[in-house]
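A short worksheet on the structure shown next.
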Amino acid sequence: MRRSCKVAMIGGGMSGLVAARELLRESHQITVFEKSHRVGGTWVYDPRVESDPVGLDPHRTKVHGSLYASLRTNLMRPLMGFSDYPFTGCDFEDTSKLKFPRHEEVLNFLEAFAADNGLIGFVKFGAEVVKVKRTSPDDELSAPWMVKWVQADQENIEHFEAVVICNGHYSEPRLPQIPGIDRWPGKQVHSHNYRTPEPYLNQVIVIVGKGPSGFDISVDVANAAKEVHIASRSLRFKAGKIPGMENIFEHEVVSHVDPDGRVHFADGFSVLADIILYCTGYSYHFPFLEINNLTVDDNRVGPLYKHVFSPRYGPYLSFVGITSATIVFLTSELQSKWIAQVLSGKCTLPSENEMMSSVKEMYDEMEEAGKPKHRTHWLYDKMEGYLDWLAAETGLPQIERWWFHMFDALLKSFISFGHGFRDELEKMPYSNLLK
Ligand code: FAD
């Protein structure tokens, strides 16, 4: 018999919205807690920055969003939709729309998705969850969860059978250790607090990290800065000026910094810099979660069966959107379908021991392949198998292959063209990217 569960969902961003839709489809009774006053999460551009620009002070004023004003997606338009609710303007024949939409379009899309699926009425806005804990010992699996939240300065408590966590993981800055940094006199900022290039006028900037944000921000800030020096673990070009870029240089990692403001790179080059801008990613953070059997260790959230379920609490504690280096929206959608069906009893989970063995197997494989712990939830080459598995588990037809072909084309273009990957792909017809 199908079960309907009373479920607390934390977060009304993309993952919370698609999870809400899937849980409603399986007839669960849901409450979505959203601390801000609108849906969309990351995609709500917030011009404010935090009081501590590197995010070390735990008492700083916090801002959820990490978008900068000029941001365009790094996945192509068709990869920004759901399997049965495509992103706006996704006609493969239509050449009038940018393949990489601006952030405002993504927010419009998510708001339309929430409205079209009747989700808004299930969201408690301005409601920040501050505590989630068990109401009885861990071995009584079906005992309820206590959820405490603050809304309009009032504390509230309610009990739920299950909790689905969709709180995002791009708000808590992650910083590298740089020898000498304590006595370095310049300004330090994390990309979480980068919004526009203007405050960086005529400055010499060192950008640490060359993931998607480091890449894009270096080009954006170069419009105002005197020089931009990117320190990266994997040099795309020979160390030095990047071909085609006026004032952007690429180097090996920062080896150390001096009290006179000089920043040294492992390639032997050094520069007197005004600002270090860290594009070094984020840490998973669940400040409200008070449970025993789950830890965050060097960005490994675990143990989690297939990045979603806590083996200890089985169906009753799950996470959506923990994974990265993937087709993000589709991944959250499939994870949500799985959670909805596990809660209703349509799908069953293996035993706790079996789930733990699967987690251990993944950790062992990573160790053998020399992959660092902080990459635990990166899917990349595992993405296709993972999404196909989720689709099969939830009784969906096989995922159409164009999703993966387009994602591969994107990765190849990123590797070949560096900063220019969007321009190159904008020129290509979709038909070239679908095979
Ligand atoms: P979020 O969007 O972060 O939503 C989490 C929600 O939870 C927020 O609304 C927050 O207010 C709420 N919340 C958190 N804690 C609590 C609490 N305690 N109580 C109540 N509410 C709470 N993805 C792509 O697919 N394509 C891209 O091009 C792309 N570019 C990106 C660029 C940047 C700079 C960043 C930071 C991310 C980018 N992403 C991109 C990834 C992006 O995070 C996902 O697309 C998506 O927003 C993830 O949705 P989410 O719901 O998991 O998290």
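Residue numbers start at 1 and run along the sequence shown. Whatever order the structure lists ligands and atoms in, that order sets their numbers, starting from 1.
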Polar side chain donor-acceptor pair, [X] to [Y], under 3.5 angstrom:
X: Ser344; Y: Glu26; value: yes
X: Glu161; Y: Tyr316; value: no
X: Tyr194; Y: Asp220; value: yes

**Message:** Using a 4.0 Å heavy-atom cut-off, which part of Phe329 comes near ligand 1: side chain, backbone, both, or neither?
**Reply:** side chain
**Request:** Just let me know how His64 lines up against ligand 1, side chain, backbone, both or neither, with a heavy-atom cut-off below 4.0 Å.
**Result:** side chain
[X]: numbered ligand 1 atoms lying under 4.0 Å from its heavy atoms:
X: Phe33; value: 20 (C), 21 (N)
X: Cys166; value: 5 (C), 6 (C), 7 (O)
X: Met80; value: 24 (C), 25 (O), 26 (N)
X: Thr73; value: 28 (O)
X: Phe288; value: 18 (N)

Among protein heavy atoms, which lies nearest [atom], and at what distance?
atom: atom 28 (O) of ligand 1; result: Asn74 N, 2.7 Å
atom: atom 21 (N) of ligand 1; result: Lys35 N, 3.1 Å
atom: atom 11 (O) of ligand 1; result: Glu34 OE2, 2.7 Å
atom: atom 48 (C) of ligand 1; result: Met14 CE, 3.9 Å
atom: atom 15 (N) of ligand 1; result: Asn167 CB, 3.6 Å
atom: atom 53 (O) of ligand 1; result: Gly168 CA, 3.3 Å
atom: atom 40 (C) of ligand 1; result: Trp43 CZ2, 3.6 Å
atom: atom 43 (O) of ligand 1; result: Tyr170 CD1, 3.2 Å

Closest by any non-hydrogen atom to [atom]: pick that one out of [options].
atom: atom 4 (O) of ligand 1; options: Pro287, Pro212, Gly13; result: Gly13
atom: atom 32 (C) of ligand 1; options: Val130, Ile327, Leu71, Thr323; result: Leu71
atom: atom 2 (O) of ligand 1; options: Thr42, Val44, Leu110, Val129; result: Thr42

**Prompt:** Is any side-chain heavy atom of Ile399 closer than 4.5 Å to a side-chain heavy atom of Asp388?
**Reply:**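 In contact.
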**Asked** Under 4.5 Å between any side-chain heavy atoms of Trp338 and Ser336, yes or no?
**Response**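 The answer is no; the side chains never approach within 4.5 Å.
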Is [X] close enough to touch ligand 1? Criterion: a residue heavy atom under 4.0 Å from a ligand atom.
X: Gly321; result: no
X: Val106; result: no
X: Ala127; result: yes

**Asked** Under the 3.5 angstrom rule, does the side chain of Asp274 hit a backbone N or O of Ile205 as a donor-acceptor pair?
**Response**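 Here the side-chain-to-backbone pair does not exist.
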**Prompt:** Can you find an N or O of Ser15 that's nearer than 3.5 Å to an N or O of ligand 1?
**Reply:** yes
Please tabulate, one pair per line, all N/O donor-acceptor pairs under 3.5 Å involving side-chain atoms of residues 72-79, not counting sequence neighbours.
residue	atom	partner	partner atom	Å
Arg72	NE	Phe100	O	2.9
Arg72	NH2	Glu426	OE2	2.8
Thr73	OG1	Leu75	O	2.7
Arg77	NE	Leu98	O	2.8
Arg77	NH1	Thr88	O	2.8
Arg77	NH1	Glu105	OE1	2.9
Arg77	NH2	Leu98	O	3.0
Arg77	NH2	Glu105	OE2	3.0

**Asked** What do you reckon, is NZ of Lys6 surrounded by more than 12 foreign heavy atoms closer than 6.0 Å?
**Response**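 Enclosed: over 12 neighbouring heavy atoms sit under 6.0 Å from NZ of Lys6.
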**Ring geometry between Phe160 and Phe33 (parallel below 30°, tilted from 30 to 60°, perpendicular above 60°)** = perpendicular
**Message:** For His229 and His251, take the angle between the two ring planes, folded into 0 to 90°, and tell me which bin it lands in: parallel under 30, tilted 30 to 60, perpendicular over 60.
**Reply:** parallel
**Request:** Give every residue pair that meets the side chain to side chain donor-acceptor pair (under 3.5 Å) criterion with at least one member in residues 322-332, sequence neighbours excluded.
**Result:**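 Matches after skipping sequence neighbours: Ser15-Ser332, Thr323-Gln335, Thr326-Thr331.
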**Request:** Answer yes or no on whether Lys306 is positioned over the face of Tyr386, meaning its NZ or CZ is under 6.0 Å from the six-membered ring centre and within 45° of the axis.
**Result:**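 No; the conditions do not both hold, so Lys306 does not lie above the ring face of Tyr386.
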**Prompt:** So, is the end of the Lys131 side chain (NZ or CZ) under 6.0 Å from the ring centre of Phe288 and within 45° of the ring's axis?
**Reply:**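 No, a cation-pi geometry is absent between Lys131 and Phe288.
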